[in-house]
Amino acid sequence: MQTEIVIPAGKPYDFISTLRSHGWVSLLPNTPDENLSAFSRVERLSSGLVASLEVSAGPGKEPRIFINARIRKRLSKNEISEITKRVSYMLRLDENLQPFYAICKKRGGPWIRFSAGSGYLLRSPAVFEDLVKVICTINIQWGGTKRMVRELVEAFGSPFPPDASLRAFPTPKEIAAVSEKEFNRRVKLGYRSGYVYELSSRIARGELDIGVFMEQAASTEEIKKRLLAVKGVGKYAAASMLMLLGRYDQIPVDTVFRAFMKAKYFQNEDYDEGKALSKYDEWGKWKYLAYWNEMLTHYSQKVEKL
DNA sequence: GTCCAGGTCGCGC
DNA sequence: GCGCGACATGGA
């Protein structure tokens, strides 16, 4: 059965730019179409039902988002609402980047191109998935990240009944259902394996509530502290997670940041990390977006790699 | 074969 | 608080 769900973006929104904002659209269960202008994804609803979602957008500055949901039965109101919420979260339809655009406009020059509707970075519908995916970007090349995420989905994700080769992202329970030894045998995550398994087990046992990372009222410093308490999450991963949680005031310092800063700002002097970071001080709570968009522009938007 | 990747941990000072 | 080696895995 198919159900079409329509969500008005409700604000200037550039759907294509969201998909191309970084590599997340290429990590399973996300599957981009060949033009990178829409994507599909298998999603396991809280009822345990597994659906396949095709997400695309209509024309216009404030487009409507279309979700074509395939599932065995007719969708209930609750299920439609759940799907709507998850896709809205992925696309960040609830975020407001107007203050960022305003600063860009004021600065002028190349920043003018960041106009209303662009700059939203795709994320996963659930924080657990983003945490695992960020851990899978640590000390590994992008191809390795894709491989590890694929192995996780194929080994532990719930299958989509009409086509069991399509699977959802695993839940913590699905991972914690096997022993750590078995986990290590089924997916080759290198030394990240223990991090992912421990995280999954703690959540599955109820020792860690993933909601603690989403508390809107908590300060960014507080959320950062909670993230750093997760084994496997250091400064880089915490800053990346904060971005995925909609807090843009920290920059993940990694080989990408360093290489870009050296190429753009330190061609004629020795690289200095403090100096590099301070380039974005004036952006306040929008540092990440300033850095990321400048970096994308510098490399002329190489989509697949980042 | 060798190097190292969108780093992090645990140790010793 | 800072420096440093170890760490799994596979691609370059």
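Keep in mind that what you see is a predicted model, and the values were worked out from it rather than measured.
Positionally, the nearest nucleotide of DNA chain C for A:Gly190 lies more toward the 5' end than for the other of A:Gly190 and A:Gly143.
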Annotated protein contacts, base or backbone, on nucleotides 7-13 of chain B with a non-hydrogen cut-off under 4.0 Å, one of B, S, - each: BSSS---
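Distance NZ (A:Lys188) to C1' (C:dA8): 9 Å, rounded to an integer number of Å. Atom CG in A:Leu152 sits roughly 14 Å away from atom C1' in C:dT9 (whole-Å rounding). Residue A:Tyr299 contributes atom OH, which lies 11 Å from atom P of B:dG6 at whole-angstrom precision.
A:Thr137 and A:Tyr236 form a side-chain donor-acceptor contact under 3.5 Å, judged by distance and modelled atom types alone.
Looking only at distances, a side-chain donor or acceptor of A:Thr84 sits under 3.5 Å from a matching main-chain atom of A:Ile80. A:Asn30 contributes no side-chain N or O that, together with a main-chain N or O of A:Ser26, makes up a donor-acceptor pair within less than 3.5 Å. The backbone N or O of A:Asp281 sits nowhere less than 3.5 Å from a side-chain atom of A:Ser278 that would complete a donor-acceptor pair.
Comparing C:dG5 with B:dG6, their P atoms are spaced 22 Å from each other, to the whole Å. Comparing the P positions of C:dA8 and B:dC11 gives a spacing of 15 Å, expressed to the nearest Å.
Figure legend: cation-pi geometry between A:Lys235 and A:Phe257 absent, as NZ or CZ is not positioned both under 6.0 Å from the six-membered ring centre and within 45° of its axis.
Across all strands shown, A:Arg147 has heavy atoms under 4.0 Å from sugar-phosphate atoms exclusively, and none from any base.
By the 4.0 Å N-to-carboxylate-O rule, A:Asp272 lies too far from A:Arg258 to be salt-bridged with it.
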